[in-house]
Amino acid sequence: MSVISTDLCAPLAVLGHDVQVPLVSGEKVTYAALDYAASSPALQRVWDDVAAYAPYYGSVHRGAGYLSQLSTDLFEQSRRTVEEFLDLREDDQVVFTRATTDSLNLLASALPPGTRVLVFETEHHASLLPWRRTGLTVDFLRAPRSHAEAVAALEEALAGAPEGPKLFCVTGASNVTGELWPVAELTEAAHRHGARVVLDAAQLAPHHRVSVRELGVDWVAFSGHKLYAPFGAGVLAGRSDWLDAAEPYLAGGGATRTVAREADGSVAVEWNHGPARHEAGSPNVIGAYALASACRALSEAGFDALEAREQQLIARLKAGLADIPEVKELSLFGADSARVGVLSFVVQGWNSSHFSAALSAEYGIGVRDGLFCAHPLVRTLLGGEEATPSECGAPEPSLPGERSLNAIRVSFGAGTPDEHLERFLRAVRELVTDGAAWTYRNEGGRCVADTAVSGARPA
């Protein structure tokens with residue numbers, strides 16, 4: 001088997017790169033973190049930046065002391081760093097949130113009454129579900145099987161939509177297949193019909209440069225915890241008009257300019273405009289600073305070099321899995337479609353939960369199994385086919401009549417060493433060829449190795 005050649009650049013230094021984890025056999029190995037699509041490890045540089053600031057931590061915006069002023073400057077500079085990272089337009093704004101889910105729920109709360117939202121059923125739940133609220137109409141579009149089909153489906157849906165405000169929500173890269181969506185083309189189509197566009201860049205921003213100017217989207221949302229930053233910070237960035245016209249996402253300190261008692265005993269409130277309007281309460285300054293540090297680190301490392309190395313890893317992974325007939329890769333647009341470092345698959349004769357548990361317990365490899373908070377998409381890709389029965393079952397609830405639907409997802413990025421993918425491919429090949437060395441059971445919805453039962457691999 002050939003070894004991955006990635007001499008274009010070395011992986012970025014991340015926390016946990018040398019963490020030892022126990023195997024079910026009692027041995028210890030270096031953990032292979034291949035679940036970046038859920039939460040990426042923090043960059044060492046980000047952690048160092050946060051540690052250097054931590055002694056100077058103070059309240060933001062409302063303190064006269066030195067540490068408060070320093071923290072306020074740091075918080076607002078972090079906002080400017082994100083503006084540069086996203087290549088925002090002059091009048092765009094950055095609102096710090098908790099994560100992509102929070103960002104899209106914020107935008108949903110700010111949509112004008114009567115807004116029609118269009119979204120493909122292929123979206124992550126974070127961008128599929130926030131629009132289901134009183135006063136909005138949602139059109140869920142069927143899963144397209146090509147970029148051209150996606151653009152045509154959107155054009156048709158918008159052409160038949162009644163007058164009024166419209167919003168189209170689209171992912172930049174699928175959290176299930178890693179496939180890239182034609183964001184610029186879809187945005188052009190939406191704008192031709194008077195619709196605005198919000199881009200879910202949770203899976204795109206860690207892998208590709210995202211330019212709001214070039215893509216033309218109206219808003220973009222992403223999460224720090226997928227961008228090599230610790231703590232709970234996210235971003236909603238883009239046009240300010242709908243955000244400034246809406247009631248604050250949270251009512252409280254910081255969102256207000258003035259609050260006064262009225263003669264009738266009520267309270268009159270004048271709300272802020274700009275980011276402060278939707279950032280009530282004491283902001284997560286450390287989270288915002290960590291996210292901004294990650295933006296700087298990725299920009300300075302250079303997305304061209306990072307993407308080139310990742311594409312080599314993707315090519316090796318796909319080639320290795322293609323050599324195993326029992327492995328079926330899941331794809332919406334076809335096996336050759338452009339993607340980021342995210343790939344999902346099923347293994348003939350295996351329940352995906354069982355297979356993923358064996359990767360962890362016997363090889364120290366962390367992947368993900370289930371429906372990946374994108375249930376309609378995974379069900380479409382699996383075609384309703386039940387997973388192979390096993391003693392473990394699946395952690396995700398199934399629809400009536402379905403025993404189990406689940407898949408395996410491997411995801412990686414700028415901090416992934418070559419060896420982790422090589423070990424993963426060896427493990428997949430060995431499990432398919434020889435089977436698991438241990439018996440597994442369902443424990444609280446999780447598939448775990450039964451340490452009371454072991455034996456030689458089946459012949």
Side-chain angles (χ1 to χ4, degrees), residues 39 42-43 45-86 88 92-110 126 130 202 205 219-238 240 242-261 267-296:
S39 286
L43 290 173
R45 168 177 165 174
V46 172
W47 191 260
D48 291 343
D49 282 350
V50 169
Y53 161 64
Y56 301 93
Y57 174 82
S59 63
V60 177
H61 292 148
R62 293 177 286 280
Y66 176 80
L67 296 190
S68 291
Q69 294 181 44
L70 176 67
S71 295
T72 299
D73 289 345
L74 201 70
F75 186 70
E76 293 305 329
Q77 180 56 53
S78 296
R79 200 187 305 277
R80 290 190 288 273
T81 297
V82 173
E83 291 173 357
E84 295 172 1
F85 180 75
L86 295 173
L88 294 184
D92 288 339
Q93 64 179 10
V94 169
V95 179
F96 285 118
T97 65
R98 293 182 299 169
T100 307
T101 301
D102 197 36
S103 296
L104 294 173
N105 275 274
L106 189 167
L107 182 60
S109 74
W219 293 279
V220 60
F222 68 95
S223 299
H225 71 96
K226 299 183 191 296
L227 195 80
Y228 308 100
F231 314 111
V235 164
L236 176 66
S240 61
W242 282 4
L243 295 177
D244 281 345
E247 287 290 304
Y249 184 46
L250 298 172
T256 61
R257 295 187 66 186
T258 63
V259 179
R261 288 293 299 273
V267 174
V269 181
E270 181 182 358
W271 301 107
N272 269 321
H273 284 80
R277 187 180 187 88
H278 298 289
E279 291 179 346
S282 295
N284 180 5
V285 60
I286 288 184
Y289 181 50
L291 188 152
S293 174
C295 290
R296 287 193 300 271

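- Side chains of V235 and T97 form no contact here, defined as non-hydrogen atoms less than 4.5 Å apart.
- Counting only heavy atoms from C-beta outward, the side chains of H61 and E76 approach each other to under 4.5 Å.
- Atom CD1 of I286 sits about 12.5 Å away from atom OG of S293, to the nearest 0.5 Å.
- Between L104 atom CG and L236 atom CG the span is 7.0 Å, to the nearest 0.5 Å.
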> ring pair (Phe, Tyr, Trp, His ring centres under 6.0 Å) between F96 and F75: does it pass, once the steps are laid out?
Replying inline: CA-CA 10 Å; F96 285 118; F75 186 70; 5.2 Å; yes

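- In R98, the CZ atom is not crowded: 12 or fewer heavy atoms of neighbouring residues, nucleotides or ligands sit closer than 6.0 Å.
- Here the closest heavy-atom approach between residue N272 and residue G254 is recorded as ND2-O, 2.9 Å.
- Contact between W271 and R277 at its shortest, heavy atoms only, is CB-NH1, 3.4 Å.
- At a threshold of 4.5 Å between non-hydrogen side-chain atoms, the residues F222 and L291 count as touching.
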> side-chain hydrogen bond (donor to acceptor under 3.5 Å, both in side chains) between H225 and S39: does it pass, once the steps are laid out?
Replying inline: CA-CA 5 Å; H225 71 96; S39 286; 2.9 Å; yes

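- Using the six-membered ring where Trp is involved, W47 and F231 have ring planes that are parallel, under 30° apart on the 30 and 60° scheme.
- Taking each heavy atom of S103 and G234 in turn, the nearest pair found is OG-C, 4.4 Å.
- Note that CD of Q93 and CG of D244 are 5.5 Å apart. Values are rounded to the nearest 0.5 Å.
- Checking side-chain atoms of T81 against main-chain N and O of A292 turns up no donor-acceptor pair under 3.5 Å.
- E279 and R79 are joined by a salt bridge, as a carboxylate oxygen and a charged side-chain nitrogen come within less than 4.0 angstrom of each other.
- Exactly one residue among T72, L70, D73, L74 makes a side-chain contact (heavy atoms from CB on, under 4.5 Å) with V60. That residue is T72.
- Between the side chain of Q69 and the backbone N or O of A64, at least one donor-acceptor pair lies under 3.5 Å.
- Taking CH2 of W242 as the start and CH2 of W219 as the end, the distance is 5.0 Å to the nearest 0.5 Å.
- For Y289, the ring pair (Phe, Tyr, Trp, His ring centres under 6.0 Å) criterion is met by Y53, not counting sequence neighbours.
- For the pair R261 and V267, the minimum side-chain heavy-atom distance is below 4.5 Å.
- Note that the CG atom of L243 and the CG atom of L106 stand 6.5 Å from one another [nearest 0.5 Å].
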